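See below for the structure under consideration.
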Amino acid sequence: MNNKTSSGIFFIVLLCIITPPLFAENFHGIQAHGLADFRYIRTDSDNQNNTDFSKFSEGGANRDLFHVNEAALTLQGRLGWSWTGSITAKYGHNAKNPVDISEAVLFFKPVSTSPWRVNARLGSFYAPISLENTSTAWTSPYTLTSSAINSWVGEELKTFGGEATVGYHLENGDHVDFFGAGFGNNDTAGTLLAFRGWRMHDYEATILDGFKLPNPAHIQSIFTRQSLTTQPFAEVDGRAGYYAGFNLERPDAVKFRTLYYDNRANPTVVENGQYGWHTRFVSAGLKVILPFQLTLIEQSMLGNTQMGGLVGNHAAIDVNFWAHSLLLSKKIIEGHRISVRYDIFGTHKNDEIVQNPNAENSHAWTANYNWTLFTHHQFNFEVTTSTSDVTARTLQTINPSQHETLWQIGYRVFF
Amino acid sequence: MLKNIRYLLSLGALTFSVSTFALTLNGTVTNYDGDPIFEAVITAVGSIKTKSSQTTSPRKMDQKNREFVSHILAVQVGESVVFPNSDNIQHHIYSFSPANSFEIQLYKDISPKPITFDKAGIVVLGCNIHDWMVGYVYVTDAPYFAQTNEKGEWSLNLPADDYTLTLWHPNLDTPNNVLVQQIKLTTEKPVPIEHKITLKTTSRTGKPPTDDNQNSLYQ
């Protein structure tokens, strides 16, 4: 048993010890939720030590693997009638630290007796992008593996700041909400998309996390000041970023949400090996409940990231990125759900440093069947197959076009 | 629950001053598959002005398992409703309906003050803590009203007269969610009224999310 698995099991044992007293409802007004997630994984991916250009996080020596994928504990408490506090600590198989905080948020939601509603979030939390990750500790009720967009959101995007929402509600439940946020500590967002490309997994970075970059010797030969471990939540230039968007919703029927994000990072600033990556994107998502209780979720993202000073007419790294996903899901009978998702995603290189190829054209299919027993026990059977064309693979003298398949059996206990 | 329904069904007969011989008008409300529609509201307004009297004790709309129970409650203008909390958690009930806007904080085992509904109209209720919760108080100035039981059945004791009969359900797929018809009651035994209706395919159930383990902080 390696150290990581030991840490995971230790954290689960710890959860078993500390959570039962919290189950007593109204224990100082705190409610405990969480999950433990065990996986058997089999893949043909060649990913070595999670630093490859693979579309999955596992592979290479870990082609055939049983592990504790994740264990998380969320404590939520009401701090008066308008305030809620929530903090999530987790162990993650691929985490830099054995246990770390993934979210810590104060939620302000005063009651309204008019059609207008105001609410706000303060702390570290996910920007409202994913329409799939709505369950405990940002898991999805549909699939184990997140879409390409939501995998990246989990890795490199987190709001460290405040978000305010103003909504207008009709009596039939329809509402429109306008939201905006200011944030810091997200200056390195885009690093992984440019250096590694999109990836599909279900790992959400924690506050003090770090990711090793692929092909490190090559990166450092060009960008000598770039650390070989990117810190996803670093502030390097002291300049706040923002996002703003709106949400249209008819509850239990249709939801459309779009936002524009700009971290306003200065791409020429580098601090402790972490460059500012000026990343901007538009995100849009649509969730519709179709006839026969079929759920459709579509998400799209189009953006650009830039790092470094001008080389010719462009920043040293200047990459456009784009992704779309379409998921169909149906609860066939109570407790049994099937889901299928198609992802298509890629990057386009605008910059002029030919030694640093970072173009990608990929797509993937994910099929999942999950069976939930007694509310708390969920068995998942899932396959994800990806066909990807990543030019950076030529640096490792392997074929840029790869086909990879990931089989997973997951047992998740929610509490 | 059944007790409440029986109480409701007998309301017309027991609490309104009825000047002439009362006839019992029965009816059913189902969808086109024959499934009963629960808690639909039936009101009857006759040509003879009838002064209605309200109940003296407040009506009840409970919070159970993070739902409004009843989901729909019909009351007379001027009547009061109490909102007890049978859950182990807090609820924060509100309405922004023009008919009666209010908010009330509900602790477990603490009986809140009743809310008086003094304007006719539909009061949509929500919970500021549990966004999915939705309930309806149908405040009517009609002298006679009833709600369907779990079998979709309703009953009204009415004097002979010409009536405007209204059926309302929040998910009824008609403009304003109502069906209106004129009926004439003579001294003969009335023919039961059968309503077959279509409900909207997408509508708020007011029940907790079916995907368990949802975190309400992820919007």
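None of the values given here were measured: they were computed from a predicted structure. Throughout, a chain's letter reflects where its sequence line sits, starting with A, and its residues are numbered from 1.
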Under 4.5 Å to a heavy atom of chain A? For B:S95 that would be backbone
Side chain to side chain donor-acceptor pair (under 3.5 Å) with A:T74: which residues, sequence neighbours excluded?
-> A:T88
Between A:N247, A:I289, A:N172, which has the largest tally of heavy atom pairs under 4.5 Å with chain B?
-> A:N172
More than 12 heavy atoms of other groups within 6.0 Å of B:K207 NZ | no
Who among A:T84, A:T113, A:V105 has the most heavy-atom pairs with chain B under 4.5 Å?
-> A:T113
Take atom CG of B:D35 as the centre, draw a 6.0 Å sphere, and report whether it contains more than 12 heavy atoms from other residues, nucleotides or ligands.
-> yes
Could you look at A:P291 and say if it's the side chain, the backbone, both or neither that has a heavy atom under 4.5 Å from chain B?
-> neither
Contacting moiety of A:E249, where chain B heavy atoms sit under 4.5 Å | neither
Side chain / backbone / both / neither for A:D177 at chain B, heavy atoms under 4.5 Å = neither
Smallest heavy-atom separation, B:N128 atom then A:W81 atom, equals ND2-O, 4.4 Å
How about A:E171 and B:I122: do any of their side-chain heavy atoms sit closer than 4.5 Å?
-> no
Side chain to side chain donor-acceptor pair (under 3.5 Å) involving B:D173 - partner list, sequence neighbours excluded = none
On a heavy-atom basis, the closest approach of A:D252 and B:T205 is OD2-N, 4.0 Å
Nearest heavy-atom approach of A:R117 to B:F96 is NH2-CE2, 2.8 Å
Carboxylate-amine/guanidinium proximity below 4.0 Å for B:D131 and A:K109 | yes
Interchain contact, A:L170 with chain B, by part (heavy-atom threshold 4.5 Å) | backbone
Interface check, chain B: of A:P115, A:P251, A:S112, A:A253, most non-hydrogen pairs under 4.5 Å belong to A:P115
For atom CD of A:Q293, is the number of surrounding heavy atoms from other residues, nucleotides or ligands below 6.0 Å larger than 12?
-> no
Does B:K119 NZ have over 12 foreign heavy atoms under 6.0 Å away?
-> no
